Amino acid sequence: VPATKPRVRDDLAVVELEGEAVIYDEVGENLHHLNPTATIIFSLCDGSATIIELAEDVSEAFSIPRDQVERQIRDIVHEFKEAGLLEERRASIR
Amino acid sequence: MQKLDRLGWVVGQSYEIGGMRIGVRTTSRRFGEWLGHVLEPYRIDGDPDSDFDDFSIVLPGEEITKGPARRGYHILYKGALDVYRTLDLPTFGRALISELEAFLYPDQEDAVYLDAVAVRVNGAVLLVPSFLSTILGRSGRRLARWNVALADTTRVAVDASGCLVTPSQLLNYSDDLFGYLEKMSGPTTEDRFSIEDPVPVDAVLFLDHQQESPLAPTSKGRALHHLASNTLNLSKVGGRSLPVLAQLVGGSRCYALGTLDYRQTLHALASAASNGSG
């Protein structure tokens, strides 16, 4: 199964205030509020990295154990996907 | 006049505004005639007692022997709920028109229209949920003792700079018509304030049922999400509303209310106005 490089949809309206994002999805007419952690992950989901790569970056930047970060990112990205905030794009296996 | 009944309604008329059939009935023949004149372009045949979204207007008068109208209040009921009361008849007339114009807000693009009201507390301008205005409005003259004044409209509009502005006039009527209400009522007590010029908001408050304390500071992100959720024309203005509301929230203190108790709410408003944490 190819690894996914999560990428947020280009058509979302996003405003960030003091580290928290508020998102309006005009297609689904849904509003979302992200906490600071989810906002960081959201900003990193630009389609250039897999979850493992994201976990490595965050782990290094915040000095948190990588496996702990990876689990959290997987959960958050799963929530983004469930909320319809992502465009799915497949990438080759690392 | 279409119907007399034992509840004291003497004038009733149906209107169609923004595609909605609206019945309006009142205990005052003169006010009913005024309203019929103002809303003439929107009159339709119908049964004001059965039309959806009916408004009932009780005005003080000799025939009113009990309730707040006996104490001089002009009261607007929407369905069974009293949603607005004031001692000042011209203010009441404007509020009623504003309430009717709210049916057109979802289609507007000139501002962001919120289901929220402005409250002035010790000189600070607070933005609170509309239903809170209804609750506070029932406390009548006691509000003045707390230095609390409610805005004269039941919704607010936000301009591009994030300031509160007077909602646009959307119904087709002449502003001179309110002069008739001044003559009709004579000198009265203005107990509400108007937003004349664009005004920034000092604090945003919203209700959080999960919260135990009456008032707690909250994040600007949560406040922005709350305001966006209560944007009446969100589907029309879409994502363009977010930067506007972010400007409003960005310059404000933000609080979550954990109470609807009247006295606790007043304490919370006073605390929010004075930059306290409750």
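Labels below follow one simple rule: chain letters A, B, ... track the order of the sequence lines, proteins then strands, and each chain is numbered from 1. The structure presented is a predicted model; accordingly, all values stated were derived computationally and were not measured.
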Hey, can you dump all donor-acceptor pairs under 3.5 Å between chain B and chain A, distances included?
| from | atom 1 | to | atom 2 | distance (Å) |
| --- | --- | --- | --- | --- |
| B:Ser219 | OG | A:Glu20 | OE1 | 2.7 |
| B:Ser219 | OG | A:Glu20 | OE2 | 3.3 |
| B:Gly239 | N | A:Glu26 | OE2 | 2.7 |

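Both the backbone and the side chain of B:Leu234 come within contact range of chain A, with heavy atoms under 4.5 Å apart. Of the two parts of A:Leu34, neither the backbone nor the side chain holds a non-hydrogen atom closer than 4.5 Å to a non-hydrogen atom of chain B.
At a heavy-atom cut-off of under 4.5 Å, chain A is reached by no residue from residues 154-166 of chain B.
Your options are B:Leu245, B:Val249, B:Leu224, and the one with the most heavy-atom pairs under 4.5 Å with chain A is B:Leu224.
To the nearest 0.5 Å, atom CG of residue A:Leu31 and atom CG of residue B:Leu242 are 6.5 Å apart.
The minimum heavy-atom distance between B:Gly239 and A:Ala13, with the atom names listed, is CA-CB, 3.4 Å. Shown here for B:Gly221 and A:Val22, the closest heavy-atom pair between the two residues is O-CG2, 3.4 Å.
Listed by chain and residue number, nothing satisfies the side-chain hydrogen bond (donor to acceptor under 3.5 Å, both in side chains) test with B:Thr153 (two or more places apart in sequence, or in another chain). Remark: B:Asp110 pairs with B:Tyr113, B:Ser168 by the side-chain hydrogen bond (donor to acceptor under 3.5 Å, both in side chains) rule, at least two apart or across chains.
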